[in-house]
Amino acid sequence: MPRLAAALRGLAAAAAALIAVTALSPNAAAGTAVRPESASPPAHDPTAPREFVALRSVDPTIIQEMRYFTPHNFMGVPVTGYRAPMCLLTRDAARALHRAQVSFLRRGYSLKVYDCYRPQRAVDHFVSWAKDLDDQRMKGEFYPRVDKSMLFRDGYIAEKSGHSRGSTVDLTLVRLPALPTRPYVPGEPLAPCYGPKAARFPDNSLDMGTGFDCFDTLAHTLDPRVTGAQRAHRLLLKDGLERAGFVNYPNEWWHYTFTPETFPATYFDFPIGGGRWGGRSGLER
């Protein structure tokens, strides 16, 4: 019995020590906080409902330039949740986009998507960034005339996004044959998104008066300052998408939602890539 009691006391001491070591992580020992975006991904990510499809499986002719997979966006870093550069949408929205594409192809144009389904974790990343007023590395291009402290008030950043419901897409038009677009190089000089097309970051799309994700009132779809060919291009996109069942968000010429939405009140958080989609699925973003 004395030997058994001693053994039990030893096991208890070892367990207590193990608990103490586990509770005190290296970051905690060093007195530093763990950033949410750098934390390990959950063991089991949410899975996409069967109503979601990869746009490429429905229409491979639509050009995809998935900005949030790259650092060329208003934050200047790849966005959490984008593990592969692919467009995911509800099946209804993807089929409607295909119908619009068929119409545009007949006239010598192609749709180009910048963003489609957006996980809630990506929206959370936007919110976290917007609260960090010291990080303004991309101000010169994406919000040169807007004080970053006003992004929530002015509606440029919100805690929920229709993109997370799966039927909203950010897109533009490209004249065919499409010319290649060079990649953004982090740290390169920035040009205002509302400047003349020749002065903005190169994009093979039609001139819509501003670049994509331009936090500026000039990006409002029917802003009266946008005239001539720029206005005609916006109306060409708007008319073609409305015929296919999409509704424009008037403050952003690139933002359209297919209606009726498949999931009008559900915000999803499954990551883009991996699983049944293929693509990169290792390092969390």
Side-chain angles (χ1 to χ4, degrees), residues 25-42 45-46 66-85 88 114-166 168-170 184-194 201 210-220 249-255 257 265-273 283-285:
S25 68
N27 285 314
T32 59
V34 179
R35 296 176 62 201
E37 61 268 29
S38 65
S40 298
D45 276 313
M66 310 311 292
R67 287 286 188 88
Y68 297 146
F69 180 75
T70 79
H72 190 213
N73 58 65
F74 57 85
M75 298 195 303
V77 297
V79 180
T80 300
Y82 289 79
R83 303 180 187 175
L88 304 180
Y114 294 113
D115 192 38
C116 301
Y117 159 72
R118 182 184 304 163
Q120 180 61 44
R121 68 189 72 186
V123 179
D124 295 342
H125 193 176
F126 291 173
V127 170
S128 176
W129 166 83
K131 292 177 180 178
D132 181 3
L133 300 184
D134 293 329
D135 183 355
Q136 303 202 25
R137 74 188 81 177
M138 301 301 285
K139 179 177 176 64
E141 179 175 355
F142 291 97
Y143 53 106
R145 295 194 286 210
V146 178
D147 190 308
K148 189 176 181 182
S149 66
M150 298 290 104
L151 294 182
F152 288 105
R153 186 203 69 178
D154 293 347
Y156 293 113
I157 301 292
E159 294 186 352
K160 293 289 184 182
S161 169
H163 282 273
S164 301
R165 300 193 297 264
T168 295
V169 60
D170 293 337
Y184 163 75
V185 179
E188 70 174 86
L190 302 176
C193 56
Y194 54 75
F201 183 86
T210 76
F212 164 62
D213 254 1
C214 189
F215 294 179
D216 196 274
T217 56
L218 200 63
H220 292 185
Y249 172 52
N251 289 354
E252 297 175 350
W253 60 257
W254 56 84
H255 181 118
T257 299
T266 306
Y267 297 83
F268 295 97
D269 190 41
F270 58 87
I272 299 169
L283 184 64
E284 166 67 2
R285 283 181 140 184

Go through the structure and list residues passing side-chain hydrogen bond (donor to acceptor under 3.5 Å, both in side chains) with [X], not counting sequence neighbours.
{"X": "S164", "answer": "none"}
{"X": "D154", "answer": "none"}
{"X": "T266", "answer": "none"}

Considering non-hydrogen atoms only, spot the tightest contact between [X] and [Y] and give its length.
{"X": "I157", "Y": "F152", "answer": "O-CD2, 3.5 Å"}
{"X": "A158", "Y": "V123", "answer": "O-CG1, 3.4 Å"}
{"X": "G162", "Y": "T168", "answer": "O-OG1, 3.7 Å"}
{"X": "P271", "Y": "P46", "answer": "CD-O, 4.0 Å"}

Quick one: list whatever passes ring-ring contact (aromatic ring centres under 6.0 Å, His included) with [X], sequence neighbours left out.
{"X": "Y194", "answer": "none"}
{"X": "Y249", "answer": "H255"}
{"X": "F126", "answer": "Y68, F74"}
{"X": "F142", "answer": "H72"}

Which residues pass the salt bridge (Lys or Arg N to Asp or Glu O under 4.0 Å) test with [X], sequence neighbours left out?
{"X": "D269", "value": "R121"}
{"X": "D213", "value": "none"}
{"X": "R67", "value": "E65, D203"}

Got [X] and [Y] here, is their nearest side-chain heavy-atom distance under 4.5 Å?
{"X": "P186", "Y": "Y184", "value": "yes"}
{"X": "D45", "Y": "F270", "value": "no"}
{"X": "C116", "Y": "L88", "value": "no"}
{"X": "Y156", "Y": "M150", "value": "no"}
{"X": "T70", "Y": "M66", "value": "no"}
{"X": "Y82", "Y": "P119", "value": "yes"}

Nearest 0.5 Å, what's the [atom1]-[atom2] distance between [X] and [Y]?
{"X": "D170", "Y": "E252", "atom1": "CG", "atom2": "CD", "result": "6.5 Å"}
{"X": "H125", "Y": "R118", "atom1": "NE2", "atom2": "CZ", "result": "12.5 Å"}
{"X": "R145", "Y": "F215", "atom1": "CZ", "atom2": "CZ", "result": "14.5 Å"}
{"X": "R83", "Y": "I272", "atom1": "CZ", "atom2": "CD1", "result": "10.0 Å"}
{"X": "T257", "Y": "H163", "atom1": "OG1", "atom2": "NE2", "result": "7.0 Å"}
{"X": "Y267", "Y": "S161", "atom1": "OH", "atom2": "OG", "result": "8.0 Å"}

Check: K148 main-chain N/O paired with K139 side-chain donor or acceptor under 3.5 Å:
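Not a single qualifying donor-acceptor pair exists.
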Between Y114 and N73, a side-chain donor and acceptor under 3.5 Å:
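The criterion, which ignores hydrogens and geometry beyond distance, is not satisfied for N73 and Y114.
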Can you name the residues that form a side chain to side chain contact (heavy atoms under 4.5 Å, CB included) with A191, not counting sequence neighbours?
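With neighbours one apart ignored, the set is empty.
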D134: side chain to side chain contact (heavy atoms under 4.5 Å, CB included) partners, not counting sequence neighbours
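Side chain to side chain contact (heavy atoms under 4.5 Å, CB included) list for D134, sorted by chain: D132.
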Heavy-atom count check: over 12 atoms from other residues, nucleotides or ligands less than 6.0 Å from Q136 CD?
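Buried by this count: over 12 neighbours within 6.0 Å.
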Mark yes when over 12 heavy atoms from residues, nucleotides or ligands other than K160 sit less than 6.0 Å from its NZ; otherwise mark no.
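For K160, atom NZ is crowded (more than 12 foreign heavy atoms under 6.0 Å).
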